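Each chain gets a letter, A, B and so on, in the order the sequences are listed, and its residues count up from 1. Bear in mind the structure is a predicted one, so any value in this text is a computation, not a measurement.
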Protein chains: 2
Amino acid sequence: MKAVQISRLTTNRLSLYLRCLSLLQEAGVKTVSSRELADQFHLNSAQIRKDLAYFGEFGVRGVGYYVPELKRHLIKILGLHKQYNVLIVGAGNLGMALAGYQGFYTGGFRIVALVDSSEERVKALSGTGQPVYPTRDLKRLVKRHNINIAILAVPPQSGQQALDAVYTAGIRALLNFVPVRMKVPEDCEMVTVDLKVQLESLAYHLARSDASPSRDEKRRKRTGARPVARGARG
Amino acid sequence: MKAVQISRLTTNRLSLYLRCLSLLQEAGVKTVSSRELADQFHLNSAQIRKDLAYFGEFGVRGVGYYVPELKRHLIKILGLHKQYNVLIVGAGNLGMALAGYQGFYTGGFRIVALVDSSEERVKALSGTGQPVYPTRDLKRLVKRHNINIAILAVPPQSGQQALDAVYTAGIRALLNFVPVRMKVPEDCEMVTVDLKVQLESLAYHLARSDASPSRDEKRRKRTGARPVARGARG
DNA sequence: TTTTGTGAACTAGTTCACAGCT
DNA sequence: AGCTGTGAACTAGTTCACAAAA
């Protein structure tokens with residue numbers, strides 16, 4: 001147990017561990033060692049032990065970790081014992097899709113509404129039935145539904161404006177899909193998913209592999225990418 | 001110019017530089033220094049010079065970088081002078097949305113088709129008019145449309161199967177939204193976007209800030225997160 | 001003078017390796 | 001014997017700081 005600042009790399013891995021533990025629990029597995037977990041993720045077992053050790057001593061020497069117990073701890077650590085109400089800002093293609101994306105509805109996350117500045121999108125319903133409200137209702141919605149997370153899915157030119165609006169309404173956590181650099185207040189947590197950047201990283205690699213066909217041993221020695229083809233599953 | 005393996009962190013930044021250069025070019029700016037670029041991204045200017053130096057000497061001492069020239073170089077480096085034909089696997093909420101997401105249609109990326117295993121989704125059209133084909137057409141589609149990138153947007157239990165199928169069809173670059181660990185062949189580039197993990201990292205921070213209200217100076221000393229509130233824009 | 005390109009220094013993140021508990 | 005928790009060693013990534021070019 002340290003008093004260190006936890007890096008995002010660590011918290012992201014904790015999410016993966018949790019997901020894995022849920023599967024193990026469903027499968028009736030009672031204990032798991034850091035080594036077994038590591039094999040699932042192509043990680044080093046010390047990495048896993050270190051990640052967990054930031055938050056306490058959850059393991060038993062000679063045994064490993066008790067699956068339900070560690071799962072409980074991770075849920076607590078990640079704050080997933082609470083309910084999170086999510087607002088989507090921007091009801092275009094992406095916003096609407098995210099509203100319907102089933103992956104969000106497990107755990108304590110619930111998408112309660114969308115807002116959009118275009119009158120014609122307002123009063124439409126998302127695929128799963130959430131209503132779309134005009135942007136002017138933002139503050140009221142946040143209060144009424146106790147919203148604590150916003151997903152930004154507006155066009156680039158409205159990015160900063162949308163951020164400012166949700167911040168003013170009291171939201172302090174953002175999942176951002178807008179490919180624009182924005183001013184983010186100190187006390188506001190934002191993670192950005194930039195799909196274009198991800199696609200371009202694929203283009204980069206495709207262009208390389210076309211250009212230099214077969215230098216297999218040299219290629220991709222250490223890109224931080226996946227080492228591949230060992231213990232699969234998730 | 002080095003013969004080093006380029007990290008994904010670097011290539012991702014190159015995409016951002018390119019985006020910024022496009023804006024500068026539109027604004028009629030002729031030259032830009034690494035310092036000016038750095039200010040846009042809350043980066044260190046040496047970082048930018050190093051990133052670029054991996055690929056050549058594009059700058060002019062005492063001047064900076066010529067915007068159109070550097071832009072041209074970055075397009076070449078990232079392989080964006082070529083056309084990329086994209087196939088979306090899985091025509092559920094997310095798949096359909098990604099098909100309609102305008103952000104993909106700039107640069108050389110073009111979504112040419114979707115496939116889905118469910119007969120009832122087949123023959124539907126995506127929002128922007130791409131047809132949905134049955135999975136058995138995959139190989140034929142890849143050949144016919146010269147597809148080189150696949151986006152995986154299937155349910156978790158079909159993830160590996162979908163990956164195997166597109167690999168067999170000849171695709172070597174994947175943008176993966178499936179939250180499952182998969183076996184990826186050596187010569188296949190995959191970037192994974194795990195939305196659940198991102199949301200959970202927000203939950204983590206929200207849970208912290210609720211728990212310990214006001215330790216402002218200590219908080220977030222170095223999480224690799226954004227330093228905030230300096231030169232904005234994108 | 002200004003700003004690049006880059007070795008050297010530093011910081012963050014990962015892995016090793018082992019003492020210590022069960 | 002087996003496996004955790006952790007300091008030490010290592011590797012990757014970032015920033016400093018400066019010689020060299022324009």
**Request:** Just call it for A:Ser45: base, sugar-phosphate, or nothing, with non-hydrogen atoms closer than 4.0 Å on any strand.
**Result:**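 Result for A:Ser45 = nothing.
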Expressed as a whole number of angstroms, how long is the span from [X]:[atom1] to [N]:[atom2]?
X	N	atom1	atom2	result
B:Leu70	C:dT4	CG	C1'	13 Å
A:Ile6	C:dG13	CD1	P	10 Å
A:Asp39	C:dT15	CG	P	13 Å
B:Leu43	D:dT14	CG	C1'	10 Å
B:His42	D:dT14	NE2	C1'	17 Å
A:Gln47	C:dA12	CD	C1'	12 Å
A:Arg8	C:dG13	CZ	P	12 Å
B:Phe58	C:dT4	CZ	P	14 Å

**Request:** Answer yes when A:Arg19 and B:Glu200 have at least one side-chain N-carboxylate O distance shorter than 4.0 Å, and no when they do not.
**Result:**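 Between B:Glu200 and A:Arg19 there is no salt bridge, as every charged N stays at least 4.0 Å from the carboxylate O atoms.
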**Request:** For residues 8-28 of chain B, pull every pair meeting ring-ring contact (aromatic ring centres under 6.0 Å, His included), keeping only residues two or more places apart or in separate chains.
**Result:**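 ring-ring contact (aromatic ring centres under 6.0 Å, His included) check on residues 8-28 of chain B returns B:Tyr17-B:Phe41.
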**Request:** Examine the side chains of A:Asp187 and A:Tyr167 and answer whether a donor and an acceptor come within less than 3.5 Å of each other.
**Result:**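 Side-chain D/A pair, A:Asp187 to A:Tyr167: present.
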**Item:** Donor-acceptor pair between B:Gln198 and B:Asp194 side chains, under 3.5 angstrom
**Value:**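 No, because no side-chain N or O of B:Gln198 sits under 3.5 Å from a partner of the opposite role on B:Asp194.
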**Message:** Quick check on D:dG5: is either OP1 or OP2 less than 4.0 Å from any side-chain nitrogen or oxygen of A:Tyr65?
**Reply:**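 So the side chain of A:Tyr65 is within the cut-off, an N or O lying under 4.0 Å from OP1 or OP2 of D:dG5.
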**Prompt:** OP1 or OP2 of D:dT4 less than 4.0 angstrom from a side-chain nitrogen or oxygen of A:Ser34, does that happen here?
**Reply:**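 Answer yes for this pair, as a side-chain N or O of A:Ser34 is under 4.0 Å from OP1 or OP2.
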**Where protein sits on nucleotides 16-22 of chain D, one letter per nucleotide: B base, S sugar-phosphate only, - none, heavy atoms under 4.0 Å** = BB-BBBS
**Request:** Apply salt bridge (Lys or Arg N to Asp or Glu O under 4.0 Å) to A:Glu189 and A:Arg8, showing your working.
**Result:** CA-CA 11 Å; A:Glu189 191 67 27; A:Arg8 179 154 309 166; 2.4 Å; yes
**Asked** Should the pair A:Arg110 and A:Tyr84 be classed as cation-pi, given the thresholds of under 6.0 Å to the six-membered ring centre and 45° from the axis?
**Response**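 No; the conditions do not both hold, so A:Arg110 does not lie above the ring face of A:Tyr84.
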**Asked** Closer to the 5' end of DNA chain C via nearest nucleotide, is it A:Thr10 or B:Arg35?
**Response**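 Result: B:Arg35.
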Under 3.5 Å donor-acceptor pairs involving side-chain atoms of residues 59-71 of chain A, not counting sequence neighbours:
residue	atom	partner	partner atom	Å
A:Lys71	NZ	A:Gln25	OE1	2.8

